[in-house]
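Okay, structure first, notes after.
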Amino acid sequence: MGRYILSGSASKTVAKDLSKQLGWPLVKTEIKRFPDNELYIRILDEIEDEDIVVVQNTYPDNNIIELLLLQDALSEAGANTITVVIPYFGYSRQDKKFNKGEPISARAIAEHISLHASKTIIIDPHKKHILDFFRIPAVSCTAVSEIAEYIKNKKNSNIDLVLAPDKGALERAQMASNIIDCEYDYMEKTRISDHIVEIKPKNLNVKKKKILIIDDIISTGGTMAKSIKELKRQGAEKIYVACTHGLFIGNAVEKLLSAGCDEIISTDTIHSKFSKVKIASCVAKILEEKLLD
Ligand code: R5P
């Protein structure tokens with residue numbers, strides 16, 4: 001029995017890195033569209049009785065369909081185990097019902113993925129309880145230490161303070177500050193709507209300080225831009241913003257830069273020009289430890 005990596009279209013870099021680090025070959029696939037735009041996928045290698053790790057984001061929507069088809073094909077072809085690695089778990093922010101009549105979207109997606117999977121690994125899920133939505137063993141790993149190491153090793157960064165843009169991200173800020181060896185704190189955020197957030201001017205003693213703001217997701221950039229502006233107003237010297245999942249929707253990047261951000265750092269869960277931190281090594285570690293236990 002061998003171990004193989006199968007790359008979905010959304011996560012080719014992570015899949016390739018995993019294959020290289022673990023020495024597990026990539027499975028050959030054919031992925032194309034029918035004339036009506038429906039997806040066609042086919043597994044070209046013989047994978048009966050093999051242990052397969054399929055790597056795919058559930059973002060944007062079409063990648064969810066691709067993942068489900070890949071899993072179905074793997075199951076049809078008789079894979080021994082199917083481990084699903086989800087670098088960015090899309091729909092994770094609807095992790096509960098905020099209003100009557102809403103679905104729990106993260107659970108709906110998780111349940112479908114659980115149908116043909118043995119295990120799943122998610123990188124920095126928005127909330128830990130999302131793992132419980134899977135009907136199979138689900139674990140997470142975080143890219144915070146990789147991000148913190150990146151910034152620590154950066155010439156002249158000398159971060160004085162790591163900040164979470166809201167209380168929910170405080171654990172990340174604390175973890176990063178431990179590695180960087182500096183202080184940490186959080187800002188007080190209130191979300192007004194999907195596009196508007198309010199950051200309260202909490203007194204943080206940031207004058208002349210070099211600050212790293214760390215979050216799991218940068219989407220519209222609203223949260224980070226508001227935080228940057230408030231910190232600049234309070235006299236911060238330099239501001240780095242970092243996230244695991246850089247969605248950078250619309251003019252998010254312009255918003256961050258015009259707010260006064262000195263550098264944007266993201267991982268490669270979603271590929272962009274800010275993907276300066278690779279996440280494969282933290283996944284590889286889990287795969288080596290957990291795949292066949
Ligand atoms: C929310 O709880 C998340 O952790 C992020 O803070 C949020 O998704 C960022 O969104 P945006 O960039 O649109 O403000």
Side-chain angles (χ1 to χ4, degrees), residues 57-61 86-99 102 104-107 109 122-131 133 140-144 146-148 162-177 184-202 204 211-232 239-267 269-275 277 279:
N57 288 341
T58 57
Y59 172 87
D61 290 3
I86 310 172
Y88 173 56
F89 186 57
Y91 283 93
S92 59
R93 282 172 290 175
Q94 183 77 25
D95 62 320
K96 61 178 183 187
K97 267 189 281 182
F98 296 89
N99 295 293
E102 290 176 349
I104 300 175
S105 309
R107 185 185 63 192
I109 308 293
I122 301 182
I123 323 303
D124 278 324
H126 180 57
K127 295 269 166 63
K128 276 272 169 67
H129 72 261
I130 287 169
L131 299 173
F133 292 152
S140 65
C141 72
T142 180
V144 170
E146 276 78 4
I147 293 172
V162 180
L163 280 178
D166 57 37
K167 213 172 177 180
L170 188 62
E171 205 185 313
R172 288 176 223 282
Q174 182 180 14
M175 196 188 286
S177 75
Y184 71 95
D185 206 332
Y186 70 96
M187 305 186 73
E188 274 167 20
K189 170 172 122 176
T190 316
R191 185 168 282 285
I192 313 291
S193 73
D194 289 349
H195 284 266
I196 303 169
V197 289
E198 214 176 68
I199 299 283
K200 289 226 180 90
K202 184 179 169 197
L204 287 164
I211 297 167
L212 168 68
I213 319 175
I214 192 161
D215 206 352
D216 60 336
I217 303 170
I218 296 179
S219 178
T220 66
T223 301
M224 285 295 196
K226 281 270 167 68
S227 310
I228 297 163
K229 280 184 192 156
E230 180 54 32
L231 295 170
K232 283 276 171 191
I239 300 177
Y240 298 84
V241 299
C243 66
T244 303
H245 313 296
L247 305 181
F248 305 119
I249 303 301
N251 64 345
V253 171
E254 288 74 23
K255 263 195 233 169
L256 300 178
L257 297 176
S258 65
C261 162
D262 292 279
E263 185 175 339
I264 303 168
I265 300 146
S266 171
T267 78
T269 58
I270 298 168
H271 184 75
S272 77
K273 65 175 178 181
F274 305 107
S275 300
V277 176
I279 52 109

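Indexing begins at 1, ligand by ligand and atom by atom, following the structure's order. All residue numbers in this chain count up from 1 along the given sequence.
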* **Region of Asp215 that comes within reach of ligand 1 [heavy atoms, distance under 4.0 Å]** => side chain
* Asked: When only distance counts, is Asp194 in polar contact with ligand 1, meaning an N/O pair under 3.5 Å?
  -> no
* To do: Would you mind telling me if ligand 1 is within reach of the side chain of Thr223, the backbone, both or neither, using heavy atoms under 4.0 Å?
  => both
* To do: Using distance alone, decide if ligand 1 has a nitrogen or oxygen within less than 3.5 Å of any nitrogen or oxygen in Gly221.
  => yes
* Structure fact -> Under 4.0 Å from one or more heavy atoms of Lys189, ligand 1 contributes atoms 1 (C), 6 (O)
* Counterpart residues, side chain to side chain contact (heavy atoms under 4.5 Å, CB included), relative to Ala164 (two or more places apart) -> Ala169, Ala173, Tyr186
* Give a yes/no verdict on whether any heavy atom in Arg93 is under 4.0 Å from an atom of ligand 1. => yes
Expected list for residues 252-265: side-chain donor-acceptor pairs under 3.5 angstrom, two or more places apart:
from   : atom 1 : to     : atom 2 : distance (Å)
Lys255 : NZ     : Thr220 : O      : 2.9
Ser258 : OG     : Glu254 : O      : 3.0
Ser258 : OG     : Lys255 : O      : 3.4
Asp262 : OD2    : Ile239 : N      : 2.8
Glu263 : OE1    : Lys154 : NZ     : 2.9
Glu263 : OE2    : Tyr150 : OH     : 3.1
Glu263 : OE2    : Lys276 : NZ     : 2.9

* **For His126, atoms of ligand 1 separated by under 4.0 Å from a heavy atom** => 1 (C), 2 (O), 3 (C), 4 (O)
* If we ignore angles and hydrogens, is there a donor and acceptor under 3.5 Å between the side chains of Thr142 and Asp124? -> yes
* To do: Give the numbers and elements of all ligand 1 atoms closer than 4.0 Å to a heavy atom of Ile218.
  => 12 (O)
* Asked: Any non-hydrogen atom of Arg191 lying under 4.0 Å from ligand 1?
  -> yes
